[in-house]
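One structure is given below, encoded as structure tokens.
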Amino acid sequence: GTGDLTIGLARQVGREGLVLLSDINAAMLAHGRDHVIDAGLVGNVQCVQADAERLPFADASFDCVTIGFGLRNVTDKPAALASMRRVLKPGGRLLILEFSRPTLPGLEALYDLYSFRVLPLLGRVVARDAESYRYLAESIRRHPDQQTLLGMMRDAGLEDCRYHNLTGGIVAVHVGQRY
């Protein structure tokens, strides 16, 4: 993806650790790589073009797998979750940062107004691309809500699954562990 999570993780693991930046899209991967390079973190970061549904890594090879604002774009979410679990070492964690469903009373109506009216208008005016911003809103709505994603994680064989809502549930962090 964009490399934002990669930069944070690379700083956490230090020079002795290794972080892999991955995306299925070569252009997005190049953008993420450039972002990591601009942050001065090339020594412990590698880039790999990969499909989340079929990760090209050995079983039990990672301490942590993260996906940020990307799971909603994966076609077969159960396959991706199973693939992510497969590459986790025993005790490893999967962290998912993704748009979700607002939980605060009244927030959903405001969020829908913003997502389907304001955001495409801003996209048309600023980026001259209303359609991409309309897709963003639609992909968020098609993505499973917090409880459904939690169940999908458990179905993939992850344990101790939980989530934490951010910004009133507009975004949620889901965590699962492989034992």
Side-chain angles (χ1 to χ4, degrees), residues 1-9 12-13 19-25 28-29 32 48-116 119-120 132-179:
T2 62
D4 292 330
L5 292 176
T6 303
I7 290 169
L9 292 169
Q12 282 187 347
V13 302
V19 177
L20 295 180
L21 170 62
S22 176
D23 200 288
I24 193 170
N25 181 295
M28 182 59 79
L29 186 60
V48 178
Q49 188 172 357
D51 181 347
E53 297 172 18
R54 290 173 290 286
L55 291 172
F57 309 113
D59 293 359
S61 49
F62 293 95
D63 296 305
C64 182
V65 173
T66 67
I67 185 166
F69 302 110
L71 188 61
R72 74 179 184 286
N73 297 315
V74 172
T75 304
D76 188 345
K77 290 170 186 48
L81 292 168
S83 184
M84 291 177 209
R85 183 209 172 271
R86 178 187 61 77
V87 300
L88 283 171
K89 293 177 182 177
R93 289 190 178 170
L94 170 62
L95 305 170
I96 302 169
L97 175 66
E98 189 58 81
F99 291 106
S100 202
R101 296 291 188 285
T103 56
L104 293 177
L107 184 57
E108 189 161 10
L110 289 172
Y111 186 53
D112 282 346
L113 176 68
Y114 173 77
S115 297
F116 290 103
L119 194 58
S132 291
Y133 290 87
R134 190 170 290 110
Y135 166 77
L136 173 64
E138 291 169 359
S139 71
I140 292 168
R141 290 310 179 279
R142 284 192 308 270
H143 186 68
D145 65 21
Q146 293 91 321
Q147 287 296 325
T148 302
L149 182 54
L150 201 65
M152 292 170 73
M153 292 172 68
R154 289 178 179 135
D155 290 346
L158 292 156
E159 299 179 52
D160 295 333
C161 298
R162 60 196 180 281
Y163 67 89
H164 177 73
N165 285 321
L166 306 170
T167 58
I170 291 173
V171 173
V173 177
H174 282 72
V175 179
Q177 197 157 358
R178 177 181 180 178
Y179 288 108

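These figures come from a predicted structure and were not determined experimentally. Residue indices begin at 1 and follow the sequence shown. Reckoned from all heavy atoms, side chains included, excluding hydrogens, waters and symmetry mates.
- For the pair Val171/Leu97, a side-chain contact is recorded, criterion being any heavy-atom separation below 4.5 Å from C-beta on.
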Show the atom names and distances, to 0.1 Å, of all donor-acceptor pairs under 3.5 Å that link a side chain in residues 161-168 to residues at least two apart or in another chain.
from	atom 1	to	atom 2	distance (Å)
Arg162	NH1	Asp160	O	2.9
Tyr163	OH	Gln147	NE2	3.0
Asn165	OD1	Gln146	NE2	2.8

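- Counting only N and O atoms by type, the side chains of Asp112 and Ser115 include no donor and acceptor under 3.5 Å apart.
- Relative ring orientation between Phe62 and Phe57 is described as perpendicular, the plane-to-plane angle rising above 60° on a 0-90° scale split at 30° and 60°.
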For side-chain contact (heavy atoms from CB on, under 4.5 Å), just list the numbers for Leu81 and Leu94, CA-CA rounded to whole Å, side-chain angles, deciding distance to a tenth of an Å, and then say yes or no. CA-CA 9 Å; Leu81 292 168; Leu94 170 62; 3.9 Å; yes

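- The closest side-chain heavy-atom distance from Val48 to Leu21 is not below 4.5 Å.
- For Arg93, there are no salt bridge (Lys or Arg N to Asp or Glu O under 4.0 Å) partners at least two apart in sequence or on another chain.
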Val19 vs Val13, test: side-chain contact (heavy atoms from CB on, under 4.5 Å). Steps then yes/no. CA-CA 8 Å; Val19 177; Val13 302; 3.8 Å; yes

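- Residue pairs that meet the salt bridge (charged side-chain N to carboxylate O under 4.0 Å, His left out) test with at least one member in residues 83-92, sequence neighbours left out, are Asp59-Arg86, Asp63-Lys89.
- No donor-acceptor distance shorter than 3.5 angstrom exists from the side chain of Glu159 to the backbone of Gln177, with no hydrogens or angles considered.
- Without hydrogens or angle criteria, Arg101 side chain to His143 main chain gives a donor-acceptor distance under 3.5 Å.
- Looking at Ser83, its side chain does come within 3.5 Å of a backbone N or O of Leu55 through a donor-acceptor pair.
- Remark: side-chain polar atoms of Glu108 are not paired, donor with acceptor, to backbone N or O of Pro102 under 3.5 angstrom.
- Looking only at distances, no side-chain donor or acceptor of Gln49 sits under 3.5 Å from a matching main-chain atom of Asn25.
- The shortest distance between side-chain heavy atoms of His174 and Met153 falls below 4.5 Å.
- Counting heavy atoms from C-beta on, the side chains of Ile140 and Tyr111 come closer than 4.5 Å.
- Residue Tyr135 places its OH atom among more than 12 non-hydrogen atoms of other residues, nucleotides or ligands, all under 6.0 Å distant.
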